[in-house]
Amino acid sequence: MSNEIILDAKNVKKYFPIKKGLLLRHVGDVKAVDDVTLTVRKGESLGLVGESGCGKSTLGRTLIRLYDPTAGSIQFKGEDFVALKGEALRLKRKNIQMIFQDPYASLDPRMTIGQILRQPFEIHNILEPSQRDKKVVELLETVGLKASHINRYPHEFSGGQRQRICIARAIALEPELIICDEPVSALDVSIQAQILNLLKDLQKKFNLTYIFISHDLSVIEHFCDRVAVMYLGKIVEIGSRDELFKSPQHPYTQALLAAIPRIGEGKKKIKKSLTGEVPSPINPPSGCAFHPRCSQKIDICSKKLPQLAGSNGHQKACWLYESETP
Amino acid sequence: MAIPQTNESSLTQGQINQLEKATPFWKIIFNQFIEHKMAVAGSIVILIFVIIALGADIISSITGLDPQKQNVSARYLAPFSTSEFSMDMKENEIEKWSEKNPELAVELSNFIKEKSLFSATDGQNPLIGFGTQDVSVVTAAIASENSASINSFKELTKTFTTKHWFGTDEVGRDVLIRLIYGTRVSMGVGVMVAIASALIGLLVGSVAGFYGGRIDTALMRITDALLSLPLVPVLIVLAAVDLQKLPAIKALMRPDNESIVKMFIILCFFSWMTVARLVRGSILSLREREFVLAAKTLGAKDSTIIIKHMFPNVIAPMLVAISLGVGNSILFEAALSFLGLGIMPPTASWGNMLNNAQEVIYKNMWLTILPGIMILLTTISFNFVGDGLQDAVDPKSIRR
């Protein structure tokens, strides 16, 4: 892992407007991603973890410009990625690819695998048409499928095989960054391991960088070098995997880690289990968004928003540690 | 999990070429479609009707039946009966024949006088007097004779009788040939209305689905408004509108197809809404489907996404909507014609045949039953075909 920064996102916000009535009056915003600052280094796997609805998928899709950010800047290899439009954006897209959660919805049911995997080359007009089939077969074999699968339709494959096809499509254009949006959460556990190993092998082979979105902490622990914990559209703690799993500092991270069932620990009472529901992202609580559910809250929590702070690449947004880092 | 260490394909180009060819998608759909027995039966019925409708003129010229030809002496004949021309019709025909073949006519007149086959009263042309008798009498009298004039006359007398397989209607027109021409009108209107309204619906639905926002709201409210109108009363009012007053439409119409064009326009106007909603819904959901997002992240242009991903996925539900729409359009056409507001006589359609038959429904039941059966058969067939298509094009139900 080098120190070269491949993706640098600053103060990224993505609000979805809520429109009501006949005239579609703007009545509010869903603050799906609210002021996220994030850097990704070349060759690493950055995990994004959080409860359902905390905005991790939206962040992923905003980073890849499937959504236009409401505010903030995204730099890809030092180049402004937000300002790109039209044709320039279209050509730049091949450097960042995405693997989606649902392998059943991410392949067009009316195209054969060959057609699906030829598409990247057709779009960017790479390779002679006669060479494309050969390249497709190569891709299929790289992800552990057979060349004879080329003329089949997606419905003839299992979930794991489909996810392999999606991976083949994502690596076809030799991107540098791949955003994996819960790539294994729709799969059986045994298949999950195969897909994760495949992603690891591909990372080594093609020097890929991953942003790995998941709600499954054990998958994150197995897969990622650094981990960012999200809560209600904000990053509450970010740090290297080892540090974060060994000494979680934000009360939310502590509660999340405590909720992982561990084999051999018997019926140990989960002390710091979370209560209550995730608040609405339309009207997030004042101050620290986590304070209504926090077991360690202090006065200031409900009044002022804590900022990410901390040394050694391990940062957290929590008033409990504010005194440590003046 | 083994991953090949080399990046080279294990297959040569030749082997790749020999890989099993992809089954085209239409073939998969076709294979599934033929598993639906009723849908296959329905499409056979439709195919037969289409052939009949297209070949109506040929059938007419072979059988000598004319859907417009009236014969008041043969009204309400039962099925399988034979009608004969009335006296004045025969007289007309014989006069025409004599004018065309004067020598043969003189020869035949002399022959009739010689053999005294007919005792003419004063001033009566013996030829006409003889010829206008019952056809059976005439043929019996000259059956054994053989000469140029008699053979020609025999040919003429043959046309005096007509076999009516399905009987005749209130003015002595043959029901069979009218049903055949009615197939042309009713199915033609039904199919054209379904296709045209599907295209309107595709346009409205895709505009609403793509652009969203206010355009979507406006278009969908119009759609809802039209859907909420009680159809039959509105159709009755509209059918009474005189389209001749609109110059743009006048150019399209000849007097003989006015009612058909009018029917077509009215039905189109009221049947595009279902398709519009269907297309809008599909496009809205397709826009957020992950394979469309994946194409976008690959850098596909909007046009590529629309042509390669959206269109093939919208066309299948549209086909279903069209085939179900044909049945509906035929029913509406029949209903309006039955009320006397649709296709105007003398053009035959199943609906106006029913209208004409309603006064004699107890006496001459076949006049109502036959067009009724035709309407029932086509509507059911189209519905079964739609049903079969629906099963066949659904990618989730695909099995091999």
Side-chain angles (χ1 to χ4, degrees), chain A residues 19 22-24 61 64-66 89-94 96-102 105-112 114-116 119-120 122-124 130 133-135 137-138 140-144 147-148 150-156 166 169-170 172-173 179 193-194 197-198 201-202 205, chain B residues 1-13 15-26 28-29 212-214 216-218 221 285-286 288-302 304-305 308-316 393-400:
Chain A
K19 288 176 176 172
L22 200 61
L23 296 171
L24 301 179
R61 288 180 181 194
I64 202 172
R65 284 291 304 276
L66 275 177
L89 174 65
R90 204 171 74 75
L91 295 175
K92 203 83 201 158
R93 280 193 188 281
K94 68 176 180 197
I96 309 185
Q97 288 298 315
M98 192 156 192
I99 298 167
F100 294 91
Q101 174 174 10
D102 183 357
S106 47
L107 301 173
D108 191 332
R110 307 210 179 275
M111 290 170 103
T112 62
Q115 288 169 327
I116 290 170
Q119 220 188 358
E122 281 161 8
I123 288 168
H124 291 281
S130 55
D133 269 356
K134 206 169 173 185
K135 181 76 185 168
V137 171
E138 262 176 50
L140 281 174
E141 288 175 354
T142 310
V143 297
S148 57
I150 191 165
N151 283 327
R152 301 222 184 135
Y153 286 91
H155 64 83
E156 297 169 62
C166 295
R169 177 173 59 190
L173 294 171
I179 298 179
Q194 291 179 8
N197 288 337
L198 172 64
D201 288 329
L202 291 174
K205 202 157 130 193
Chain B
M1 232 264 332
I3 291 174
Q5 287 305 302
T6 72
N7 210 4
E8 281 300 302
S9 161
S10 64
L11 292 181
T12 64
Q13 189 61 45
Q15 283 171 303
I16 292 169
N17 293 341
Q18 281 172 8
L19 286 175
E20 50 169 327
K21 270 274 156 268
T23 327
F25 214 84
W26 65 264
I28 295 180
I29 291 177
R214 292 204 179 139
D216 180 28
T217 319
R221 288 302 84 75
S285 83
L286 279 173
E288 296 301 315
R289 286 282 283 284
E290 279 153 349
F291 63 81
V292 171
L293 295 181
K296 213 171 157 189
T297 59
L298 284 173
K301 290 181 193 141
D302 283 354
T304 316
I305 292 178
K308 284 210 159 172
H309 295 294
M310 298 219 170
F311 189 62
N313 281 290
V314 165
I315 198 77
V393 298
D394 181 10
K396 279 190 195 110
S397 72
I398 285 175
R399 62 234 162 229
R400 284 219 157 177

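Computed from a predicted model, the values in this text were never measured in an experiment. Below, chains carry the letters A, B, ... as their sequence lines are ordered, and counting in each starts from 1.
- Of the listed residues A:Leu140, A:Asp108, A:Ile123, the one with more heavy-atom pairs under 4.5 angstrom with chain B than any other is A:Asp108.
- Both the backbone and the side chain of B:Thr297 come within contact range of chain A, with heavy atoms under 4.5 Å apart.
- Options B:Arg289, B:His309, B:Arg221 differ in how many heavy-atom pairs under 4.5 Å they form with chain A, and the most are formed by B:His309.
- Only the backbone of A:Ile96 comes within contact range of chain B, with heavy atoms under 4.5 Å apart.
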| field | Working for side chain to side chain contact (heavy atoms under 4.5 Å, CB included), residues A:Arg93 and B:Leu298 | value | CA-CA 6 Å; A:Arg93 280 193 188 281; B:Leu298 284 173; over 6 Å; no
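- The choice from A:His124, A:Gln97, A:Met98, A:Gln101 that makes the most heavy-atom pairs within less than 4.5 Å of chain B is A:Gln97.
- For the atom pair A:Lys19 NZ and B:Thr217 OG1, the distance stands at 9.5 Å (nearest 0.5 Å).
- Pairing each heavy atom of A:Ala105 with each of B:Glu290, the nearest pair is CB-OE1, 3.5 Å.
- Proximity to chain B (any heavy atom under 4.5 Å) is restricted, for A:Leu107, to the backbone atoms N, CA, C and O.
- B:Asn313 is listed as a side-chain neighbour of A:Pro109, based on a closest heavy-atom distance under 4.5 Å.
- Heavy-atom distances place the side chain of A:Arg61, and not its backbone, under 4.5 Å from chain B.
- Test A:Gln119, A:Gln115, A:Glu122 against B:Lys308 for side-chain hydrogen bond (donor to acceptor under 3.5 Å, both in side chains) and you get one pass: A:Glu122.
- In terms of non-hydrogen atom pairs under 4.5 Å with chain B, the most contact-rich of A:Ile99, A:Ile64, A:Asp102 is A:Asp102.
- Taking CZ of A:Arg110 as the reference point, atom CZ of B:Phe291 lies at 9.0 Å (rounded to 0.5 Å).
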